[in-house]
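Below you'll find the structure, written out as structure tokens, and then a few comments.
Within every chain, numbering begins at 1; the chains are lettered A, B, ... in the order of the sequence lines, protein sequences first and strands thereafter. These numbers were taken from a predicted model, which means no experiment stands behind them.
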Amino acid sequence: MLEPIEDWERSDYCGCLRIKDLDREVTLMGWIQSHRDHGGVIFVDLRDREGIVQVVFNPEISEESHKKGESVRDEWVIAVRGKVSERSADTRNPNLLTGEIEVIATEVKILNTSKVIPFQIENEINVDEHLRMKHRYLDLRRPIMRDNIISRHNMVAAARNYLNLEGFIEIETPYLTRSTPEGARDFLVPSRLNEGAFYALPQSPQLLKQTLMVAGFDRYYQIVRCFRDEDLRADRQPEFTQIDLEISFVKENDVMNVVEGMLKAIFKETKGLEIETPFKKMGYEESILKYGTDRPDTRFGLELQDISDIFENSDFKVFRGALDKGGIIKALNIKGKAGELSRKEIDALTEQAKTLGAKGLAWIKISGGEWQSPIIKFFSKQEKERLEKRLRMEDGDVVFFGADSAHVVNLVLSQLRLVLGERLGMIDQSIFNFLWIEDFPLFDYDQNEKRYVSKHHPFTSPREEDIKILDNDPAKVISKAYDIVLNGVEIGGGSLRIYRKDIQEKIFKAIGLKEEDAEEKFGFLLEALDFGAPPHGGIALGLDRIVMLLSGSQSIRDVIAFPKTQKGSDPLTEAPSEVDIRQLLELGIRADIKSKPE
RNA sequence: GGAGCCGUAGUUCAGACCGGUUAGAACGCUGGCCUGUCAAGCCAGAGGUCGCGGGUUCAAGUCCCGUCGGCUCCGCCA
């Protein structure tokens with residue numbers, strides 16, 4: 001039944017045929033999207049990567065082709081020769097780009113069959129993701145997935161094109177590199193030639209791209225895979241792709257200009273969208289204050305307000321207690337939406353807040369001039385007045401409160417802000433809202449390890465004016481780092497780097513890295529800094545996340561051809577897998593192998 | 001490491017709260033009819049290790065314990 005392709009050559013993509021191709025003899029090859037057998041005439045929707053066209057099998061045109069048309073099933077692969085003809089007015093399909101025409105089959109070859117597919121090849125499916133991944137070759141046949149992958153390709157092409165024209169040189173850095181156990185957990189690769197030693201897959205090419213600056217390649221980029229052995233999320237995979245770049249002899253704005261130009265080109269070329277540059281900028285402190293996060297979604301307002309001062313001497317134990325423990329109190333006023341939020345819904349939000357570590361979620365609802373709230377009875381008259389004035393509370397408002405450590409309050413209220421923004425339809429889904437966050441503190445204090453740690457990474461330059469307080473007031477030091485945020489998603493981060501050895505050593509000292517440890521881990525960089533390192537800076541953009549936002553996908557997995565599940569496994573290849581004991585012996589590695597029959 | 005939701009025909013789900021006859025529906029699949037459909041239609045039919053293991057019970061898809069897997073989130077992600 002199956003026939004070889006022989007000398008048949010495809011003349012067109014199914015999805016590309018139009019009325020302009022009328023009367024042409026074409027040869028198509030593709031998959032059967034659906035077949036409709038009317039006993040006489042048979043219709044087949046033939047699909048390839050460009051789309052679908054209707055093929056007609058008419059026994060009066062070709063008895064043999066019609067017979068084959070009767071036998072075919074969904075997802076079989078066929079080749080069709082036939083003539084492009086115009087559909088009559090009443091049989092046109094406006095839902096298909098090819099809907100004005102159809103191909104009348106004169107000759108057919110069945111190239112391959114298919115088992116019955118486990119899920120439909122169409123956009124709107126609701127199928128377990130494990131099943132989709134196990135049959136990824138089918139999942140990727142779905143138009144929406146195909147478009148995501150193609151859109152990703154177009155985006156990379158646009159980025160390369162822009163950077164090439166701007167004088168950047170793409171340079172590859174090794175994937176087998178050295179473990180530097182600062183930051184994320186490394187994926188390790190045992191070295192056979194050096195028993196007991198390991199390579200690490202790079203978390204980013206950070207140190208090597210800085211080395212390239214010292215080498216004089218003053219404008220570098222790379223579309224590069226990075227690896228981090230941490231837990232997965234909807235927007236986090238253990239291997240992901242960055243648009244990584246680094247430039248010598250620049251200031252923050254120069255890097256930002258390149259990124260803005262590149263994103264402008266990408267959106268123009270892949271979406272036909274004009275995005276406005278330069279992007280808005282916001283200081284880290286302002287972002288935390290108003291939005292409770294360093295990646296605010298600024299497509300809508302709904303800002304948080306710090307009201308700690310109002311309750312400094314309050315009798316309300318919950319609020320006062322939070323303050324006494326060094327915490328804060330913040331409020332979120334949902335203007336005029338009291339009618340839209342039921343008590344039941346507020347209770348559900350409270351439960352949600354608890355999963356984030358809050359002890360509860362206080363609220364006040366104003367309706368008919370009445371303040372309804374389980375906590376209002378604990379407020380003094382003065383507190384009520386100051387609250388009303390500060391939050392501009394009016395009839396119809398709902399106010400939510402967070403009182404806890406700054407971390408919990410910001411986490412809970414920033415989440416609540418997003419949930420309510422979405423729920424109440426305050427977000428314009430058609431907008432792409434870019435924002436730079438700058439003036440990050442250089443360090444965070446790690447409570448567990450009782451030491452300062454780099455907020456960005458230890459090669460980030462502090463502001464010149466802060467170098468003198470590095471030793472005695474590290475918490476106050478501001479860095480020359482910048483993050484770029486799109487619709488509340490961090491899509492990239494970068495900084496001006498340290499290019500002087502003495503300052504780099506000071507930073508290592510500030511984060512408690514001993515001289516000999518610094519020497520062992522980063523000795524090559526420190527030495528390079530001693531051989532004429534130019535001032536330089538750069539950024540890394542998360543390619544997968546940008547494609548995710550650009551395509552309106554809910555998960556990064558939908559823009560990666562072969563992603564991993566939350567457990568880091570791949571249902572298609574069944575990676576990771578156990579390995580042969582002989583492989584381990586060669587590597588000088590012992591492991592607890594669960595015995596597994598052949 | 002922790003929290004939540006989910007797992008029943010090929011697929012998506014109902015059945016579970018309140019244990020009891022032969023586990024249902026839709027789509028898909030198979031066969032038949034059908035010359036203008038495009039989510040084709042009509043008729044007939046097949047299809048189940050209720051994720052897995054253990055427990056309670058006269059009796060478990062349903063209750064209990066454990067475990068595996070998928071998703072979301074916290075921690076983690078310099």
Side-chain angles (χ1 to χ4, degrees), chain A residues 33-46 52-61 66 69-70 73-75 87-96 98-99 102 104 115-122 124-135 138 180-186 203-204 206-207 226-238 240 351-358 407-408 411-412 415 419 440 442-444 446 448 452-460 479 481 490 493 495 507 511 513 521-522 540 542 554-555 557 564-567 569 571:
Chain A
Q33 173 73 32
S34 75
H35 62 289
R36 297 175 291 280
D37 187 343
H38 286 243
V41 71
I42 298 168
F43 301 98
V44 161
D45 289 341
L46 195 63
I52 284 173
V53 72
Q54 174 163 283
V55 179
V56 184
F57 296 82
N58 191 326
E60 289 163 16
I61 305 286
H66 182 261
E70 277 180 329
R73 292 293 178 268
D74 286 358
E75 298 308 315
R87 296 204 201 184
S88 66
D90 56 323
T91 62
R92 284 186 194 132
N93 185 347
N95 300 320
L96 282 183
T98 60
E102 61 194 2
I104 312 296
K115 294 211 289 188
V116 173
I117 47 176
F119 52 85
Q120 288 308 109
I121 310 299
E122 59 193 26
E124 299 299 321
I125 59 169
N126 170 25
V127 181
D128 183 63
E129 219 169 323
H130 186 266
L131 191 70
R132 287 175 53 202
M133 285 198 207
K134 188 174 171 192
H135 300 279
L138 298 178
T180 52
E182 281 280 318
R185 204 174 282 119
D186 284 324
Q203 297 171 24
S204 94
Q206 183 60 35
L207 299 180
C226 301
F227 305 86
R228 291 177 193 174
D229 188 6
E230 297 293 345
D231 285 6
L232 291 81
R233 290 283 192 283
D235 62 354
R236 261 164 44 187
Q237 283 273 302
F240 59 98
E351 286 310 306
Q352 213 172 335
K354 283 181 182 167
T355 69
L356 297 175
H407 172 78
V408 170
L411 181 69
V412 168
Q415 285 285 93
V419 168
F440 284 86
L442 190 62
F443 304 111
D444 272 334
D446 188 318
N448 298 325
Y452 285 96
V453 294
S454 293
K455 188 162 188 76
H456 201 58
H457 58 55
F459 317 104
T460 304
S479 75
E490 184 199 322
S495 63
I507 299 294
I511 59 172
L513 191 63
K521 287 174 184 165
F522 310 115
Q554 293 303 307
S555 156
R557 295 185 298 277
K564 308 243 180 326
T565 69
Q566 198 166 48
K567 274 263 168 71
S569 67

Rounded to the nearest Å, what distance is computed from the CZ atom of residue A:R132 to the C1' atom of nucleotide B:G10? 17 Å

What does A:V453 touch in the nucleic acid at a heavy-atom separation under 4.0 angstrom: a base, only the sugar-phosphate, or nothing? nothing

A:Q203 and A:D186 side chains, donor-acceptor separation under 3.5 Å: yes

Hey, does A:E124 reach any base, or is it just sugar-phosphate, or nothing, if we go heavy atoms under 4.0 Å? nothing

Rounded to whole Å, CG of A:D74 lies from P of B:C38 at a distance of 15 Å

Regarding B:G10, can its base be found pairing with the side chain of A:Q120 as donor and acceptor, where the two atoms are less than 3.5 Å apart? no

For B:U37, the Watson-Crick or wobble partner whose two distances fall under 3.5 Å: none

Nearest whole Å is fine: how far is B:C5 P from A:Q352 CD? 13 Å

Taking the P atom in each of B:U21 and B:C65, what is the distance between them to the nearest angstrom? 25 Å

Can you check the A:I104 CD1 to B:G36 P distance for me, whole Å? 14 Å

Paired with B:U72: which nucleotide, if any, by Watson-Crick or G-U wobble criteria at under 3.5 Å for both distances? B:A3

Step by step, work out the side-chain contact (heavy atoms from CB on, under 4.5 Å) result for A:D446 and A:Y452. CA-CA 6 Å; A:D446 188 318; A:Y452 285 96; over 6 Å; no

Any donor and acceptor pair, going by atom type alone, linking the side chain of A:Q33 with main-chain N or O of A:I121 inside 3.5 Å? yes

Opposite nucleotide pairing with B:C42, Watson-Crick or G-U, both atom distances under 3.5 Å: B:G32

Just the rounded figure in Å: distance from P of B:G10 to CZ of A:F119. 16 Å

Which part of the nucleic acid, if any, lies within reach of A:S454 when heavy atoms closer than 4.0 Å are counted: base, sugar-phosphate only, or nothing? sugar-phosphate

Phosphate OP1/OP2 of B:C13: any A:N126 side-chain N/O under 4.0 Å: yes

Rounded to whole Å, how long is the line connecting atom CG of A:D186 with atom P of B:C76? 18 Å

Pick base, sugar-phosphate or nothing for A:K354, based on heavy-atom distances below 4.0 Å to the nucleic acid. nothing

Nearest-angstrom distance, P atom, B:U49 to B:G61: 13 Å

Distance between the P atoms of B:U11 and B:G7, in whole angstroms? 14 Å

Which nucleotide in the list B:C77, B:G28, B:U37 gets nearest to the side chain of A:R228? B:C77

Kindly give the atom pairs (protein nitrogen or oxygen, nucleotide nitrogen or oxygen) under 3.5 Å for nucleotides 39-45 of chain B.
unit_1 : atom_1 : unit_2 : atom_2 : d
B:A40  : N6     : A:D37  : O      : 2.9

Between the side chain of A:S479 and the main-chain N/O of A:F440, is any donor-acceptor distance below 3.5 Å? yes

Determine the Euclidean distance between corresponding P atoms of B:C64 and B:C6; express it in Å to zero decimal places. 13 Å

Are the aromatic rings of A:F57 and A:F43 close, with centres under 6.0 Å apart? no

P-based separation of B:C76 from B:A60 [nearest Å]: 47 Å

Does the pair A:F522 and A:F459 meet the rule for a ring pair (Phe, Tyr, Trp, His ring centres under 6.0 Å), with working shown? CA-CA 10 Å; A:F522 310 115; A:F459 317 104; 5.3 Å; yes

Heavy-atom protein contacts under 4.0 Å, nucleotides 69-74 of chain B, coded B base, S sugar-phosphate only, - none: SSBBSB

Searching all strands shown, indicate the nucleotide that pairs with B:A25 (Watson-Crick or G-U wobble; both distances under 3.5 Å). B:U12

Whole-angstrom distance between B:G51 and B:C58, as gauged at atom C1': 28 Å

Can you tell me the Watson-Crick or wobble partner of B:G48, both distances under 3.5 angstrom? none

Output the rounded distance in Å from CD (A:E75) to P (B:U11). 17 Å

When all nucleic acid strands are considered with a 4.0 Å heavy-atom cut-off, which category describes A:P458: base, sugar-phosphate, or nothing? base

Examine distances only and state if a side-chain atom of A:S569 and a backbone atom of A:P571 form a donor-acceptor pair shorter than 3.5 Å. no

When the P atoms of B:A23 and B:C50 are considered, how many whole Å apart are they? 11 Å

Carboxylate-amine/guanidinium proximity below 4.0 Å for A:R36 and A:D45: yes

Would you mind classifying the nucleic acid contact of A:F43 as base, sugar-phosphate or nothing, using non-hydrogen atoms under 4.0 angstrom? base

Checking A:D74 against A:H35: is there a side-chain donor and acceptor pair closer than 3.5 Å? yes

Within the distance-only criterion (no hydrogens, no angle test), does the side chain of A:Q237 pair as donor or acceptor with the backbone N or O of A:K564 below 3.5 angstrom? yes

What is the nucleic acid contact for A:I511, judged by heavy atoms within less than 4.0 Å: base, sugar-phosphate only, or nothing? nothing

Is a side-chain N or O of A:R185 found less than 3.5 angstrom from the main chain of A:D229, in a donor-acceptor match? yes

For a quick test of reading the model: is some side-chain N or O of A:R92 closer than 4.0 Å to OP1 or OP2 of B:C38? no

Under 4.0 Å, heavy atoms only, any strand: does A:E60 hit a base, just the sugar-phosphate, or nothing? base

Suppose we call a contact any N or O donor and acceptor under 3.5 Å apart; does that hold for the side chain of A:Q54 and the base of B:U37? yes

Checking the side chain of A:S454 only, and the main-chain atoms of A:F443 only, is there a donor and an acceptor separated by less than 3.5 Å? no

Watson-Crick/G-U partner (both atom distances under 3.5 Å) of B:U57: none

Atom NZ of A:K134 and atom P of B:G10: how far apart are they, to the nearest Å? 12 Å

SB check A:E230 A:R236 (cutoff 4.0 Å): no

When the P atoms of B:U67 and B:G24 are considered, how many whole Å apart are they? 34 Å

